[in-house]
There are 2 protein chains.
Amino acid sequence: MTEQQRRPTLVDVAQAAGVSRALVSIVMRGAPGAAEATRQKVLQAARELGYRPDSRARLLRSSRTRLLGLSFSSSQPFHAEIVDAAYAEAQGRGYEIALSAIASGRPETRAIESLLDFGSEALVMVSPALSNEELARYASQVPVVSLLRDDVGDSVDSVSSDDRAGIRLAVGHLIGLGHRHIVHVDGGTAVSAEKRSAAFRAEMQRHGLDAVVVTGGPNEEDGLRAARCLLDTSLVREVPTAVVAFNDRSALGVIEGFRAEGLRVPADVSVLGYDDSQLARLSYVQLSSVSQDAPLLAAAAVNRAADRVEGAEAPAHVVRTPHLVVRKTTAPPRGS
Amino acid sequence: MTEQQRRPTLVDVAQAAGVSRALVSIVMRGAPGAAEATRQKVLQAARELGYRPDSRARLLRSSRTRLLGLSFSSSQPFHAEIVDAAYAEAQGRGYEIALSAIASGRPETRAIESLLDFGSEALVMVSPALSNEELARYASQVPVVSLLRDDVGDSVDSVSSDDRAGIRLAVGHLIGLGHRHIVHVDGGTAVSAEKRSAAFRAEMQRHGLDAVVVTGGPNEEDGLRAARCLLDTSLVREVPTAVVAFNDRSALGVIEGFRAEGLRVPADVSVLGYDDSQLARLSYVQLSSVSQDAPLLAAAAVNRAADRVEGAEAPAHVVRTPHLVVRKTTAPPRGS
DNA sequence: GGGAGAATCTAGATCGTTCTAGTTCACCCA
DNA sequence: TGGGTGAACTAGAACGATCTAGATTCTCCC
């Protein structure tokens, strides 16, 4: 059945059009140096044969591969939005994106080496968990841009959101509403969890308030567990009136944990998420959240990578200020 | 700073070890034909230089690329689980996976051609939306395996779940609990939506019941909208006692829509999802759902692709029977 | 008409591998 | 002794493109 016919090559097109390989190459790349008439003739022949250039050969030979490697975590739905934005931006600048997922049984190093083996000219890593030494080693081979993590040393570019400012917005918003008992459900061992909890402590202190931080994690179950712990009067003196969660998924868990015990959000307790992911935007969730504007950050990272490839000087650390999106899970505390 | 030193090649390793390129190639591939002593010597030299074979050159030259292309939709969190499983299975069979996401501004054809350009020996497409003619055209170049969609013609392999059986399980379960007024919230224009709604109609008819189908879609908002419509007494004669949703995300929307109007799930109305995704498993959701066992299907698809590459005969259609996972959103109807 | 200069086109080397078809050499056995 | 065998190794072509440098043709102007 499925006749596995050989895919046409430059040579085939050249023969069909009656010109040299080199000229076909010129036409296919859209490079200058071909007369309009022949250009049309060649394109016509290519179209008829169904010719498509072979990336492997093209990447192998050309010094410029115009390929950006992107490593991400397949288990983080949030990363999908980033992938989307990165594709769009790369296309605009004339780059291809090579994807490599970090999955169970496929550690980050594997994902990255695969990208390098394919000839990526630069790497964009979403929330890399590698040590700074490892990052630096990769950075000695190609430009590396860390996305959503900024403490990556001097050899690596980073594009991230200002976590301190984000937490400041969150805390400021809640205090502005009149809250005093605010708890932070942290991200556990997740990347940038420590940064956010430190910022939370600093910010609460600045307002002269007690900073209570309980252990959470990056997903719903973690938030749920933390909420249970907050309601356990044997553990906590007083149930807080507001919670700042590590991210949206965790915030959802917190909300469900409260709901299960009959507390209403935001009437009894306010909950604030982080990321402003699609989850937060669902009409029945309407989660107030700190937006890092991930698509924008992704675009910036891709641009930064392209700049470096095209000869930009030293690595830079781009930090964007997040903004607050107030929806319906935050309100003034009861009885105020 | 970042000294962009040239990456070492076979030649460098050969020189360092004092042997020929070909022999280094043999050693690196683990092919027979090298003495143990030299093998060690070469490996040692490679390690010292930090040599890694260049995929582009390797893929270009070798007839076998051992590369499987996987196209998926970045906006479907459900696909992430599939990617994960595919990686694992491919690794076991000694294949690499090349990922290509379908995103906004990046249509399926683009994603696929990119995979072909990189030299994929076969394609695995998750829920392809292409026409059968287009699929056949790709199938004339390399083996194509459609995952989660089975009406793809004779030139394409498929690995899918039996939608009829799944719906039969769903309806059977609800009827078994005593439900009579069961509604299906369909998938709108999503792949395999029609198949499931047809199966629903057939199954209800078989039990001598009225089959009501309302328009839904593949995500939460669609489910929510459908639920509102079901509660609107000007549109529906009677509120159903049970709903079979197109998938888990839509089911969640349905549940929220009911909850918003004060209906309790499952006390007042039962809701059944489809996919048994991570969402369904969340401890505060506990959604009863039809499991297609996507990781298993993904593994099967990868295996099928590898089989075809390695010379398996004609395309085959593998259909697995789904199973029901009963959790806490289905119960007997009120007053039974 | 002829020569400068631009426009167009081509030959051949090259990227880093794998593959084919050897060569070399030690060893065994008649 | 000498030929056969097999293991270990290698030279050189090939994969399908791009790149460099040079060849050819065209244009234009004095």
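Throughout, protein chains are lettered first and strands after them, A, B, ... in sequence-line order, and every chain is numbered starting at 1. Owing to the predicted nature of the structure, the values given are computational and were not obtained by experimental measurement.
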- Item | Set of residues satisfying salt bridge (charged side-chain N to carboxylate O under 4.0 Å, His left out) with respect to B:K195, sequence neighbours excluded |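 B:D150.
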
- Task: List the steps and the verdict of salt bridge (charged side-chain N to carboxylate O under 4.0 Å, His left out) for B:R93 and B:E310.
- Result: CA-CA 11 Å; B:R93 282 198 65 155; B:E310 288 163 16; 2.9 Å; yes

- Note on the structure: Reading nucleotides 21-27 of chain D from 5' to 3' and marking B where a protein heavy atom lies under 4.0 Å of the base, S where only the sugar-phosphate is that close, and - otherwise, the string is -------

Length of the line joining [X]:[atom1] and [N]:[atom2], which is rounded to integer Å:
| X | N | atom1 | atom2 | value |
| --- | --- | --- | --- | --- |
| A:F118 | C:dC15 | CZ | P | 21 Å |
| B:R52 | C:dT17 | CZ | P | 11 Å |
| B:L10 | C:dC15 | CG | C1' | 12 Å |
| B:E96 | C:dT17 | CD | P | 16 Å |
| B:M28 | C:dG16 | CE | P | 16 Å |
| B:R56 | D:dA14 | CZ | P | 23 Å |
| B:D12 | C:dC15 | CG | P | 11 Å |
| B:L59 | C:dT17 | CG | C1' | 10 Å |

- Mind listing the residues from residues 16-26 of chain B sitting with a heavy atom below 4.0 Å of DNA chain C? Number order is fine.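 Result for residues 16-26 of chain B: B:R21, B:A22, B:S25, sorted by number.
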
Taking all non-hydrogen atoms of both residues, which atom of [X] and which atom of [Y] are closest, and how far apart?
| X | Y | result |
| --- | --- | --- |
| B:P143 | B:R308 | CB-CB, 3.7 Å |
| B:V27 | B:A34 | CG2-CB, 4.0 Å |
| B:P8 | B:L49 | CG-O, 3.4 Å |
| B:S71 | B:L115 | N-CD1, 3.9 Å |
| A:S161 | A:V319 | C-CG1, 4.2 Å |
| B:A139 | B:V156 | CB-CG2, 4.0 Å |

Among side-chain atoms of [X] and [Y], is any donor-acceptor pair under 3.5 angstrom?
| X | Y | answer |
| --- | --- | --- |
| A:D84 | B:S104 | yes |
| A:E48 | A:Q44 | yes |
| B:S25 | B:R29 | yes |
| B:R21 | B:T9 | no |

- Axis deviation across the helix from C:dG1-D:dC30 to C:dA30-D:dT1, five-pair ends, to the nearest 10°: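 About 60°, once rounded to a multiple of 10°.
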
- If you measure from the Lys or Arg side-chain nitrogens to the Asp or Glu carboxylate oxygens, is any gap between A:R7 and A:D12 under 4.0 Å?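 Between A:D12 and A:R7 there is no salt bridge, as every charged N stays at least 4.0 Å from the carboxylate O atoms.
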
- Message: OP1 or OP2 of C:dG16 versus the side-chain N and O atoms of A:R61: is any pair under 4.0 Å?
- Response: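 Checking A:R61 against C:dG16: no side-chain N or O falls below 4.0 Å of OP1 or OP2.
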
- Verify the contact: side-chain N or O of B:R29 to OP1 or OP2 of C:dC19, cut-off strictly under 4.0 Å; return yes or no.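 For C:dC19, OP1 or OP2 has a side-chain N or O of B:R29 closer than 4.0 Å.
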
- Item | Close side-chain approach of A:V83 and A:F72, heavy atoms under 4.5 Å |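 In short, these two side chains touch, coming nearer than 4.5 Å.
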
- Query: So, do A:L23 and A:K41 sit near enough that their side-chain heavy atoms are less than 4.5 Å apart?
  - Reply: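 Sidechains of A:K41 and A:L23: no contact.
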
- Working to the nearest 0.5 Å, report the span between CG of A:D151 and NE2 of A:H317.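 A:D151 atom CG to A:H317 atom NE2 measures 10.0 Å (nearest 0.5 Å).
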
Detail all sub-3.5 Å separations between protein N/O atoms and N/O atoms belonging to nucleotides 5-7 of chain D.
none

- Message: Can you list, in residue-number order, the parts of residues 34-51 of chain B that come under 4.0 Å of DNA chain D, counting heavy atoms only?
- Response: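 Under 4.0 Å from DNA chain D: B:A34, B:A35, B:T38.
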
